[in-house]
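Worksheet: one structure, shown below.
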2 protein chains.
Amino acid sequence: MVADEAALDEFCQKFRLKKTGRNEILLQAGDVCPYIYFVNSGCLRVYMMDVNGKESTRFLITEGRFGTAFPSFTLQEPSLAYIQSIEPTEALYINHHDFRELLDTIPGWERVYLISLERDYIASIKRIESLITMDATQRYRHLMDTNPEIIRRLPNKIIADYLGISQETLSRLKSKK
Amino acid sequence: MVADEAALDEFCQKFRLKKTGRNEILLQAGDVCPYIYFVNSGCLRVYMMDVNGKESTRFLITEGRFGTAFPSFTLQEPSLAYIQSIEPTEALYINHHDFRELLDTIPGWERVYLISLERDYIASIKRIESLITMDATQRYRHLMDTNPEIIRRLPNKIIADYLGISQETLSRLKSKK
DNA sequence: CTTGAAATTTGACAAATGTCAAATAATTTA
DNA sequence: TAAATTATTTGACATTTGTCAAATTTCAAG
């Protein structure tokens with residue numbers, strides 16, 4: 001239908017393209033996160049840093065996924081997290097106002113976003129479960145089973161932060177079995 | 001408006017009331033979760049049990065909150081979790097089919113649910129953060145700061161499971177400071 | 001109000017994981 | 001390609017947290 005094509009066109013118009021190098025910071029903690037990203041290639045990392053400089057990875061966003069500093073973007077309040085491109089990355093992005101507007105203007109978009117939210121929420125519930133029920137070894141094996149690619153692809157340090165363990169412990173787990 | 005009143009009325013019609021005693025099981029692991037609950041009074045607990053019988057609490061749902069075994073209810077697949085009433089509880093419930101139908105029939109409901117999902121997702125992100133960045137002491141203090149009521153109200157064992165630590169460790173944390 | 005069951009506390013010890021430091025390996029960039 | 005940086009591995013040891021058992025306290029049902 002013409003109407004839907006026009007809507008889709010308007011949808012796409014709102015997005016801009018960003019290309020980054022390795023290890024660029026896209027969002028500083030303390031700033032309000034203006035954008036949600038759709039990663040075409042590369043990998044974004046949403047992470048926090050404590051007072052001692054110790055980092056923890058909240059999310060890893062690879063090709064074909066939406067991602068942002070979700071609480072900050074959604075509530076438009078200062079972010080506890082940083083966003084960084086671990087690899088050279090190409091991503092589409094849209095600002096908060098335009099993103100909210102899509103909910104009212106693009107037919108069916110509200111449902112698409114809702115279902116995507118359900119999926120992300122379920123993924124985060126699964127992650128909570130792995131954190132409260134599994135020890136370091138089990139969490140590592142679980143990640144091996146469900147997402148072996150990011151283990152191959154990303155540095156130890158990032159994977160360890162993501163699993164909530166130290167790099168040394170991860171290194172020892174890897175050499176065990 | 002009359003139309004909205006009729007819609008609201010239809011909305012309410014879909015819910016049924018359930019009253020439970022203490023420690024009743026509302027959902028068995030392995031079953032598909034048919035209902036989402038709105039707790040009027042009391043407290044529901046969504047928890048898992050490992051092969052050794054060790055329990056872990058995924059969620060605690062108190063007055064005025066919606067809750068269910070979310071992945072099972074949403075995807076209509078067998079649940080890894082149990083639902084239990086920790087206290088005598090009064091809750092409204094609605095089945096999956098009717099709940100999905102509300103999205104299409106009640107004007108504005110899709111948006112309400114979407115925003116509720118965003119909130120729940122943000123809460124789960126915060127919980128992940130507390131699990132990967134804090135040790136047992138910090139997590140306990142954090143819960144004291146953000147939700148002291150459930151510590152007062154619920155047994156140690158449940159709180160410990162929720163924090164992902166053993167009851168003995170929690171008991172020692174409480175006596176320390 | 002009493003009694004039996006459940007929850008909590010405590011001690012002793014074991015296991016898991018973290019920390020620090022140093023050596024080695026891998027990777028990036030000039 | 002070489003130098004410099006960054007990542008990984010390893011050892012020694014400290015710390016945190018878990019486990020098991022027993023004593024004590026609290027609480028709910030009769």
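Letters A, B, ... are given to chains in the order of the sequence lines, protein chains preceding strands, and every chain is numbered from 1.
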Exercise for review: Starting from C1' on D/dT19, measure out to CG on B/Asp161 and report it in whole angstrom.
Suggested key: 15 Å
Practice item. Check the angle between the aromatic planes of A/Phe66 and A/Phe15 and answer parallel, tilted or perpendicular using the 30° and 60° thresholds. Key: tilted
Practice item. Report the C-alpha distance between B/Lys157 and B/Asp161 in whole Å, list the side-chain angles of each, state the deciding distance to 0.1 Å, and finish with yes or no for salt bridge (charged side-chain N to carboxylate O under 4.0 Å, His left out). Key: CA-CA 6 Å; B/Lys157 174 177 162 32; B/Asp161 287 347; 3.6 Å; yes
**Study point:** Rounded distance in Å - CG (A/Leu131) to P (C/dT17)
**Key:** 13 Å
Review point. Are A/Phe73 and A/Tyr35 an aromatic pair by the rule of ring centers under 6.0 Å?
Key: no
**Study point:** Atom NE2 of A/His96 with >12 non-hydrogen neighbours under 6.0 angstrom
**Key:** yes
Check your understanding: If you measure from the Lys or Arg side-chain nitrogens to the Asp or Glu carboxylate oxygens, is any gap between B/Glu55 and B/Arg45 under 4.0 Å?
Key -> yes
Practice item. Test the A/Arg127-A/Tyr162 pair against the cation-pi criterion, namely NZ or CZ under 6.0 angstrom from the six-membered ring centroid and within 45° of the ring axis. Key: yes
Check your understanding: Over how many whole Å does the gap from B/Lys54 atom NZ to D/dG18 atom P extend?
Key -> 7 Å
Review point. Roughly how many Å is it from CD in A/Glu87 to C1' in C/dT28, rounded to a whole number?
Key: 15 Å
Point to revise | Atom-to-atom span, CD1 of B/Ile86 to C1' of C/dA7 - whole angstrom | key: 14 Å
Practice item. Work out how much the helix from C/dC1-D/dG30 to C/dA30-D/dT1 bends between its end axes, five pairs an end, to the nearest 10 degrees. Key: 60°
Check nucleotides 5-12 of chain D against the protein and report each pair of N or O atoms closer than 3.5 Å, with its distance, or say if there are none.
unit_1	atom_1	unit_2	atom_2	d
D/dT8	OP1	A/Asn156	N	2.9
D/dT8	OP2	A/Asn156	N	3.0
D/dT8	OP2	A/Lys157	N	3.3
D/dT9	OP2	A/Asn156	ND2	3.0
D/dT9	OP2	A/Ser171	OG	2.9
D/dT9	O5'	A/Ser171	OG	3.2
D/dG11	N7	A/Arg172	NH2	2.5
D/dG11	O6	A/Arg172	NH2	3.0
D/dA12	N6	A/Arg172	NH2	3.4

Review point. Hey, does B/Gly164 reach any base, or is it just sugar-phosphate, or nothing, if we go heavy atoms under 4.0 Å?
Key: sugar-phosphate
Review point. Strictly under 6.0 Å, is that where the ring centroids of A/Phe70 and B/Tyr121 end up?
Key: yes
Practice item. Take atom CD1 of B/Ile165 and atom P of D/dT19, then tell me their distance rounded to the nearest Å. Key: 12 Å
Exercise for review: Could you check how far CD of A/Gln138 sits from P of C/dA16, rounded to whole Å?
Suggested key: 11 Å
Exercise for review: For the pair A/Glu87 and A/Arg22, evaluate salt bridge (charged side-chain N to carboxylate O under 4.0 Å, His left out) and give the outcome as yes or no after the intermediate values.
Suggested key: CA-CA 5 Å; A/Glu87 304 172 343; A/Arg22 171 181 307 278; over 6 Å; no
Review point. Quick one: is the NZ or CZ of B/Arg65 closer than 6.0 Å to the six-membered ring centre of B/Phe59, and within 45° of its axis?
Key: no
Review point. To the nearest 0.5 Å, how far apart are CG in A/Leu103 and CD1 in B/Ile115?
Key: 8.5 Å
Review point. Could A/Lys18 and A/Glu90 be called an ion pair, given the rule that one side-chain N must be under 4.0 Å from one carboxylate O?
Key: no
Distances under 3.5 Å only, N/O to N/O: pair up the protein atoms with those of nucleotides 27-30 of chain D.
none

